[in-house]
Amino acid sequence: MRGFVVEQLSHPSKLSLSKNVPEPVPKEGQVIVDIYSTGLNFFDILQAQGRYQHKPPLPFILGTEFAGKIALNSPVPQGCRYKPGDRVFGAQTGAFADKIAVEWDKLIPLPDNITFNQAAGLYVTWPTSYEALIGRANLSPGEWVLVTAAAGGVGIAAVQIAKAIGAKVIAAASSDTKINVAMRYGGADYGINYSESGWQKKVLDITNGHGADVIFDPVGLINDSLKCIAWKGRALVIGFAGGTIEKVPMNLVLLKNISLVGLHWGAYTGKEPSRIPDVWKNILDLFASEGVKPVTYADVYSLENVVDGLSALERRETWGKVVAQVKPDDEDKLAKL
């Protein structure tokens, strides 16, 4: 079996694809999934170096998000609702490989109108964006939403979700190219470049002085965004892709009568597991309506050049969700964006 094995913590650029990795042995309650596509994430780069909060013991296979089929030789645990050949997607360490062993109840059935490449980037990004906007910020139709890094994985999903419920979306990104992606593929109403000084005034102009009711920020631009937040606005802290964990002046929170709202989707499994099925049902309903589809980066990598994809991601050259196709499948020719 092929796989990217991390034997010593290092930058992914120093990794190479191993071709004689032992196949996974399923434990009780697990099935074997043949991986057809895998999602690439910025945290994969950190995890390979031991700089991510989840630190699997060495050696381990890198990668987390995947989509594929229940393997023909997979066991079917008691109570398992899947059978060999069923299309599924999920997330677990070990996804940059041909196969993975995973608890069957952690998998999500893959709708027929979503390809493996599209599904490979769903498991982390879409519930993060959905729960942030709907579950935490209580976004309502007609409200203004400002999304930073709007062409990225969680960003463009946030743009699509906000538009689907009837919000007005301002896509913010660091280049005109990425703004165009957020507007063309995500459906954002307006776009602004936050690398330009005074960009907050443009937000206020677009909203006729009202400001953004909800700020969705995976970058670390909360302080800058508070200059254009609305009265009773909600600022969603999604991440710190810019590399800096901000310190927010709390007097601004008081004076502007706003809320700072965090979102840690990964903790829901332990803290609020009952919410997870509801979130996924609502997301899959959106896909079934044909109103939204996952946006993947134009260049689809192979398992052999996953490192190239991670490098492009690290250089911030990509948009949408970056994926690698592990093995070809005719079904992935059906639903191209």
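For clarity, every value in this text was computed on a predicted model and none was experimentally measured. When reading the values below, keep in mind they use all heavy atoms of this one structure, side chains included, and skip hydrogens, waters and symmetry mates.
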Handout entry: D213 (side chain) donor-acceptor with G233 (main chain) under 3.5 angstrom
Key = no
Exercise for the section: Could you check S302 against N305 for side chain to side chain donor-acceptor pair (under 3.5 Å), going step by step and ending with a plain yes or no? Expected result: CA-CA 5 Å; S302 65; N305 61 7; 3.0 Å; yes
Fill in the blank from the handout: Contacts satisfying salt bridge (Lys or Arg N to Asp or Glu O under 4.0 Å) that involve residues 190-203 (not counting sequence neighbours) are E196-K202, K201-D205
Handout entry: Polar side-chain atom of Q118 near backbone of V295 as donor-acceptor pair, under 3.5 Å
Key = no
Handout entry: Partner residues of Y52 under the ring-ring contact (aromatic ring centres under 6.0 Å, His included) criterion, sequence neighbours left out
Key = F43
Problem - Cation over ring face, R87 and Y82, 6.0 Å, 45° - result: no
Exercise for the section: Look only at the side chain of N180 and the backbone of D176, and say whether a donor-acceptor pair between them is shorter than 3.5 Å. Expected result: yes
Problem - Atom pair CD1/CD1 of I215 and I229 - distance to nearest 0.5 Å - result: 4.0 Å
Handout entry: Step-by-step side-chain contact (heavy atoms from CB on, under 4.5 Å) determination, F240 to T244
Key = CA-CA 6 Å; F240 315 99; T244 301; over 6 Å; no
Exercise for the section: Taking the side chain as every heavy atom from C-beta outward, state whether F216 and I161 have any pair of such atoms under 4.5 Å apart. Expected result: no
Exercise for the section: Indicate, with yes or no, if I165 and L133 share a hydrophobic cluster defined by side-chain heavy-atom contacts under 4.5 Å among Ile, Leu, Val, Met, Phe, Trp and Tyr. Expected result: yes
Practice task
Could you grab the distance from atom CZ of F66 to atom OG of S37, nearest 0.5 Å is fine?
Solution key: 12.0 Å
Practice task
Apply side-chain contact (heavy atoms from CB on, under 4.5 Å) to the pair F60 and V5, showing each step before the final yes or no.
Solution key: CA-CA 6 Å; F60 67 92; V5 181; over 6 Å; no
Practice task
Answer yes or no: is there a side-chain heavy-atom contact under 4.5 Å between P218 and T148?
Solution key: yes
Practice task
Using the side-chain contact (heavy atoms from CB on, under 4.5 Å) rule, take C228 and W144 through it: C-alpha gap first, then chi angles, then the decisive distance, then the call.
Solution key: CA-CA 11 Å; C228 57; W144 285 100; over 6 Å; no
Handout entry: Sub-4.5 Å side-chain heavy-atom contact between Y297 and V323
Key = no
Handout entry: Partners meeting side-chain hydrogen bond (donor to acceptor under 3.5 Å, both in side chains) with R136 (sequence neighbours left out)
Key = none
Fill in the blank from the handout: Output for pair (I114 CD1, F89 CZ), nearest 0.5 Å, gives 8.5 Å
Problem - side chain to side chain contact (heavy atoms under 4.5 Å, CB included) partners of P84, counting only residues at least two apart - result: L72, V76
Handout entry: Cluster link V88 to W104, ILVMFWY, side chain under 4.5 Å
Key = yes
Handout entry: Spatial distance of atom CG (L107) from atom CD (Q92) [nearest 0.5 Å]
Key = 8.5 Å
Exercise for the section: Please tell me if the side chains of L139 and V145 come closer than 4.5 Å, counting only heavy atoms from C-beta onward. Expected result: yes
Practice task
Please name all residues satisfying side-chain hydrogen bond (donor to acceptor under 3.5 Å, both in side chains) with S195, sequence neighbours left out, ordered by chain then number.
Solution key: N193
Practice task
Taking atom NZ of K27 as the centre, report whether more than 12 heavy atoms of other residues, nucleotides or ligands fall under 6.0 Å from it.
Solution key: no
Problem - Interatomic distance, M183 atom CE to D189 atom CG [nearest 0.5 angstrom] - result: 7.5 Å
Practice task
Would you please indicate yes or no on a ring centroid separation below 6.0 angstrom for W280 and Y123?
Solution key: yes
Problem - Side-chain heavy-atom pair Y36, V326 within 4.5 angstrom cut-off - result: no
Problem - Verify same cluster id: I156, I170 (apolar side-chain graph, 4.5 Å) - result: no
Problem - side chain to side chain contact (heavy atoms under 4.5 Å, CB included) partners for A288, two or more places apart - result: none
Handout entry: Criterion side chain to side chain contact (heavy atoms under 4.5 Å, CB included) against E246, the qualifying member of V237, V219, N223
Key = N223
Exercise for the section: Decide yes or no for D44 and L313: does some side-chain heavy atom of the first lie under 4.5 Å from some side-chain heavy atom of the second? Expected result: no
Exercise for the section: With K321 as reference, evaluate N41, T296, N117 under the side chain to side chain donor-acceptor pair (under 3.5 Å) test and give the passing residue. Expected result: N41
Exercise for the section: Only pairs at least two apart or in different chains count here, so list each side chain to side chain donor-acceptor pair (under 3.5 Å) that has a residue in residues 6-22. Expected result: H11-S13, H11-E314
Practice task
Run through the side-chain heavy atoms of Ile, Leu, Val, Met, Phe, Trp and Tyr, join any pair under 4.5 Å, and report what else lands in L254's cluster.
Solution key: L255
Exercise for the section: Give a yes or no on whether V261 and I258 share a hydrophobic cluster (residues Ile, Leu, Val, Met, Phe, Trp, Tyr; joining criterion: side-chain heavy atoms under 4.5 Å apart). Expected result: no
Problem - Partners meeting side-chain hydrogen bond (donor to acceptor under 3.5 Å, both in side chains) with D285 (sequence neighbours left out) - result: K281
Exercise for the section: Tell me, with the steps shown, if E131 and Y268 meet side chain to side chain donor-acceptor pair (under 3.5 Å). Expected result: CA-CA 10 Å; E131 178 63 4; Y268 274 60; 2.9 Å; yes
Handout entry: Connected via hydrophobic side-chain network under 4.5 Å: L15 and I35
Key = yes
Handout entry: Expected output: side-chain E65 to main-chain V124 donor-acceptor under 3.5 Å
Key = yes
Handout entry: S129 side chain vs W126 backbone, donor-acceptor pair below 3.5 Å
Key = no
Handout entry: Worked check of side-chain contact (heavy atoms from CB on, under 4.5 Å) between L236 and I222
Key = CA-CA 8 Å; L236 289 163; I222 292 293; over 6 Å; no
Problem - By side-chain hydrogen bond (donor to acceptor under 3.5 Å, both in side chains) - contacts of K168 (at least two apart) - result: none
Exercise for the section: Measure the shortest side-chain to side-chain distance between F4 and V21 over non-hydrogen atoms and say whether it is less than 4.5 angstrom. Expected result: no
Handout entry: Side-chain (D86) to main-chain (K83) donor-acceptor, under 3.5 angstrom
Key = yes
Practice task
Just jot down the side chain to side chain contact (heavy atoms under 4.5 Å, CB included) partners of L284, sequence neighbours excluded, or say none.
Solution key: I108, P111, F287
Problem - Note, R81 side chain near P109 side chain (heavy atom, < 4.5 Å) - result: yes
Problem - N282 side-chain N/O to V279 backbone N/O, donor-acceptor pair under 3.5 Å - result: no
Practice task
Look at the side chain of T125 and the backbone N and O of V154, then say whether any donor-acceptor pair between them is shorter than 3.5 Å.
Solution key: no
Handout entry: Donor-acceptor contact below 3.5 Å, side chain K256 vs main chain L226
Key = yes
Problem - Ring centers of Y185, W319 separated by less than 6.0 Å - result: yes
Practice task
Report yes or no: does D217 contribute a side-chain atom to a donor-acceptor pair with the main-chain N or O of G220 at less than 3.5 Å?
Solution key: yes
Problem - Approximate separation, where rounding is to 0.5 Å, of I100 CD1 and I61 CD1 - result: 7.5 Å
Exercise for the section: Sorted by first residue and then second, give each salt bridge (Lys or Arg N to Asp or Glu O under 4.0 Å) pair with at least one member in residues 96-105; sequence neighbours left out. Expected result: R2-D98, D34-K99
